[in-house]
Amino acid sequence: MIYLDHNATTPLHPRAFEAMLPFLKELWANPSSPYRFGSQAKAAVEFGRGQIANCIGCKPSEVVFCSGGTESDNLALRGVVRALKSKGNHIVTTAIEHPAVLNTCKALENEGYRVTYLPVTEEGVVEMAALRASLCDGTILVTVMHANNETGVIQPVEEIATTTRARGVVFHTDAVQSAGKLDRKLAELGADLVTFSGHKLYGPRGVGVLYVREGTPLAPWMTGGTHEHGLRAGTENVAAIAGCAEAVTLAFEEAETEGHRLRSLRDRFELQVGAAIQAVRFNGSEAQRVPNTSNISFQDVDGESVVLGLDVRGICVSTGSACSTDDPEPSHVLRAMGLSPRAAQGSVRFSLGRDTCAADLDATVSALKDTVAHLRRVSSIRGDLE
Amino acid sequence: MIYLDHNATTPLHPRAFEAMLPFLKELWANPSSPYRFGSQAKAAVEFGRGQIANCIGCKPSEVVFCSGGTESDNLALRGVVRALKSKGNHIVTTAIEHPAVLNTCKALENEGYRVTYLPVTEEGVVEMAALRASLCDGTILVTVMHANNETGVIQPVEEIATTTRARGVVFHTDAVQSAGKLDRKLAELGADLVTFSGHKLYGPRGVGVLYVREGTPLAPWMTGGTHEHGLRAGTENVAAIAGCAEAVTLAFEEAETEGHRLRSLRDRFELQVGAAIQAVRFNGSEAQRVPNTSNISFQDVDGESVVLGLDVRGICVSTGSACSTDDPEPSHVLRAMGLSPRAAQGSVRFSLGRDTCAADLDATVSALKDTVAHLRRVSSIRGDLE
Amino acid sequence: MNPSPDDSGANDRNRGLEAPAAPVISYNEVVLDHFLHPHNVGELAKADTDGFVVVGDSSCGDQMKLWISVRNQRIAKIAFQSFGCPGAIATSSMLTVLAEGRTIEEARLITDDDVVEALGGIPAKKRHCSLLGVQALQAVIDDWEKRGRAPPEQP
Amino acid sequence: MNPSPDDSGANDRNRGLEAPAAPVISYNEVVLDHFLHPHNVGELAKADTDGFVVVGDSSCGDQMKLWISVRNQRIAKIAFQSFGCPGAIATSSMLTVLAEGRTIEEARLITDDDVVEALGGIPAKKRHCSLLGVQALQAVIDDWEKRGRAPPEQP
Ligand SMILES: Cc1ncc(COP(=O)(O)O)c(C=O)c1O
Ligand SMILES: Cc1ncc(COP(=O)(O)O)c(C=O)c1O
């Protein structure tokens, strides 16, 4: 099997698995328990918190553990607007966010908040001028993702942070798709809140992180016991936290070398695809992208058919966000970049990872060539090729 | 080490661990991914859902997975009141709920909901007359736990369900402490929503279940992708779900025999403690209790000191809910049962489990005798013993 | 008990609970085979074409072209082209297999259930794909009729 | 940037972030030893007792009794009883160790920091325990003074 869907999820790294084992086997106490056995578990949570703080460049007390990227996004958005509800009701986001942010914004609209969805350029980058113009007195939160999950396109978060800081507006960035892929300390991006998720960087499922810059107004969201500085209730998932901390450590250790390796593999792949297959479009490729992601539109064919054609040949790719697999609408991200519904429908995401090698990509190019040729033979549409 | 704090958390059962392994090692795909590798993960989630549905007596489509007991309680409470906000704003609960319910009710009070906290008898049982009297036209939700985490006392949920059904009010029960401890199909209790948590029944941390009876109004709470029938967004924690399903299966298989074994161990333990130590009170022991829990007040001593005295001797017990270890207030549960602050302060919870044997309890009685004698020698209070 | 839910999204949810949409598409072997090796792909020569139609499903963006050649009230040749998901391709292919050699009268009676059944089933949310094929078949017969060939004689 | 938070609980949270309360109490070996083997536990005989006091911490329910016997302006004997958490017992015990043999004047200067330091530290949220002991010591000296013994001569 050739797995080229690392933006959907990643395999658990053996070192992360090893880091989890003691807490699945011997040290299974509840970290809140008042005996030494409990303290060991508590110490593991705090050790993990320290490891992550170190990797992202913040204080341990600024790291909040929760159950995943989706929860981290929900906590950030709902926690900030709740904490600041007396200050205003306007939220600024983009048209290309992950559903965890987008649908939360929609839910907040139903609760009476006003949301601006910023457009993006043809290359999928949010426009700073539009962002600046959107800010008003009632703006309490800006949430713009760091790297897009479908295209890998990187948003100008440092610039946004400068703007929001000057305006006194809280800024959250969903860094689920950039964490561990860039040689960059996430807390130094300048955002007040940063989301990332264990299973997207070779850590376990069931753990997410929210970095909360000290002093950022944030109301608790999941209520119950006084875990996570009172910000997130629920017995701590010690094994997952330990595994995540190990994975983050590994990812940040290797981000630079692995980034170079993946970037050159990805760029070579795109060159090969461009050479082997006519009428393709590399979405967002003129913009800065995370090194592992390539989003390609194949004219006159349907993306789902390409996915199945490759699946049959043992290659795993997807049409976009795994969460919207059952959504018949063409990608909201590509549509926001100005692609026609048909072009968006013909798009496929290839996301490389630690285990990807050049031979995998050679095989993929060849399988892709056959599949697209077959589908174009069947297709009733003949675009520019006619 | 003698571990007598199974109400705080339980060790992961080897069979549950084995059930998790394939999804930590080989089958790590995202269940929403559109290729066969993803379908395998999806199938595992659905298989687990089916196992749990079978154990609790419901349809698979009525089982919703989330990250833990706390989230399950939050989803139930916040989801129902949101779905029914046009129908009323009154919630009925009890004074003895777990913080996951109690603090969520308090948060909902801040949002404008009205909450009735029902009193309990001296034995810790909610009074049906008070419950009936509390219901009014605006009541949209009743939430009463099945078994209390500190005392093990079982609440009359079947009777409550009959009442709420007749009144057309939604009923949620937090069964975190009864699930797997009673030979009882949880969906047959009659409640519309039932919460339980993996790590309290020898399953993994990071997974909770909400049973949602078909037709129960429930708005989604964690928003994002369309996972869990659109009720709970976030990439499914496949390994944890598989482990939880295995643990639930095991627990329900063995609930009857294990229940008998634990009940006789617990009852023998209480007899021994009563014989070895003067001036003790077995809280809730006249009521129906889950078989594994014993809550004892030791006159003239402080519970935390007893916990440390036993910890030094290698025995793990706690003063109550693990989530409130850092709360200096004496137990809200025991106070609600009419215990004085001092008596509540002198209380310790012993919760037995699969690995508990008679010899452990003999050793505990002896350690307890020494510890309490020592603390009473030091104590400045001489209660009835003077 | 079922208190009637209000309009805050609970309704959608309940519908969801009764018939959860499977987020992963699993096609069976027959469907896969028709996707990988569709029958009757292509176009008919102008001279051969007695009916031709283009139909589209605006909701999912799929499109299908269908050609028929009719001899003695019978579909002698049939050809299709499809732009769309695997379901669209496989159902189109199967539709042509079912229609080929049939009388116009028989072809008129082919339903989407027939197509799905012949394929041994198709994921629930791909059912609409089979409708497109059946719609195309009706439309292509209409086209053939419009082109002046007499409708079948009443027996 | 730090927009000033409103009153919806964000404030509490922020305080929490700056100084997170450790939910697990970890006592060091010295504290443990004083908990398990407290010094000067018990009461003094009536004849020996020159000062006696009962103090309580209403917030945590802890209580302490303290006896002293004073000879030549010096605490010759001291005894205590404590109801409370391990922190209360250990700090009480250490307080009596620090006070024993001291002049009244010296004893008056013992602070809760001295007690905590002598124990090699105590978990943050147990610090208030040491206050109770120091409070008791001041009160028991007050009691001794009230009983008519002359206050220490000025040098
Ligand atoms: C950009 C982005 N944000 C949020 C999420 C949600 O993360 P999780 O699956 O951990 O809930 C994902 C992945 O699904 C993502 O790609
Ligand atoms: C009765 C009860 N409800 C809810 C919870 C919360 O469960 P979890 O720790 O899985 O969030 C617990 C345990 O902590 C509990 O005992």
Side-chain angles (χ1 to χ4, degrees), chain A residues 1 3 5 8-12 17 24-25 28-30 32-38 67-71 73-74 98-100 103-104 106-107 197 199 204-207 222-227 233-240 304 307 310-311 316-319 321-327, chain B residues 1 3 5 8-12 17 24-25 28-30 32-38 67-71 73-74 98-100 103-104 106-107 199 204-207 222-227 233-240 304 307-308 310-311 316-319 321-327:
Chain A
M1 186 183 77
Y3 183 79
D5 200 15
T9 197
T10 53
L12 185 59
F17 179 70
L24 294 173
K25 288 182 165 283
W28 43 265
N30 187 320
S32 302
S33 289
Y35 31 79
R36 289 167 297 173
F37 185 45
S67 71
T70 298
E71 186 183 340
D73 283 339
N74 271 266
H98 186 271
N103 288 339
T104 302
K106 283 180 192 153
S197 177
H199 74 99
R205 220 70 65 78
V207 57
M222 194 173 297
T223 45
T226 54
H227 311 84
T235 304
E236 300 90 337
N237 193 344
V238 185
E304 234 183 81
V307 168
L310 294 185
D311 186 19
C316 300
V317 301
S318 79
T319 49
S321 165
C323 326
S324 52
T325 299
D326 57 348
D327 183 353
Chain B
M1 186 183 76
Y3 183 79
D5 200 16
T9 196
T10 54
L12 185 59
F17 178 69
L24 294 173
K25 287 181 166 283
W28 44 263
N30 188 321
S32 302
S33 289
Y35 30 80
R36 288 166 298 172
F37 184 46
S67 71
T70 298
E71 185 184 340
D73 283 339
N74 271 267
H98 186 272
N103 288 339
T104 302
K106 283 178 193 155
H199 74 99
R205 219 69 64 78
V207 56
M222 194 173 297
T223 46
T226 55
H227 312 84
T235 305
E236 300 90 336
N237 193 343
V238 185
E304 234 183 79
V307 167
L308 185 62
L310 294 184
D311 186 18
C316 300
V317 301
S318 79
T319 49
S321 164
C323 327
S324 52
T325 299
D326 58 346
D327 183 351

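Using a 4.5 Å cut-off between heavy atoms, A/Ala239 makes no contact with chain B at all. For A/Thr10, the part lying near chain B is the backbone, with the side chain staying farther off; criterion is any non-hydrogen pair under 4.5 Å. For B/Ala240, no part lies near chain A; criterion is any non-hydrogen pair under 4.5 Å. Looking at A/Val317, only its backbone comes within 4.5 Å of chain B, counting heavy atoms on both sides. With a 4.5 Å cut-off on non-hydrogen atoms, A/Lys25 touches chain B through its side chain but not through its backbone.
Contact of the A/Pro34 side chain with the B/Ser318 side chain is registered, since non-hydrogen atoms from C-beta on lie closer than 4.5 Å. A 4.5 Å side-chain heavy-atom check between B/Thr70 and A/Thr235 finds every atom pair outside the cut-off. Residues B/Leu12 and A/Trp28 fail the side-chain proximity criterion, which asks for heavy atoms closer than 4.5 Å. Looking at heavy atoms from C-beta onward, A/Asp5 lies in side-chain contact with B/Tyr35 at the 4.5 angstrom threshold.
Atoms CZ and SG, from B/Arg36 and A/Cys316 in turn, are 8.0 Å apart once rounded to the nearest 0.5 Å. Between the NZ atom of A/Lys106 and the OG1 atom of B/Thr223 there is a distance of 11.0 Å, given to the nearest 0.5 Å. The CD atom of B/Glu236 sits 10.5 Å away from atom OG1 of A/Thr9, with the distance rounded to the nearest 0.5 Å.
The shortest heavy-atom contact between A/Gly225 and B/Pro99 is N-CB, 3.9 Å. Here the closest heavy-atom approach between residue A/Val238 and residue B/Arg205 is recorded as CG2-NH1, 3.9 Å.
Top candidate by heavy-atom pairs under 4.5 Å with chain A, chosen from B/Pro11, B/Gly68, B/Gly234, is B/Pro11. By number of non-hydrogen pairs under 4.5 angstrom with chain A, the leading residue of B/Ala107, B/Gly206, B/Ser67 is B/Ser67.
Side-chain atoms of B/Asn74 never come within 3.5 Å of backbone atoms of A/Met222 as a donor-acceptor pair (strictly under, hydrogens ignored).
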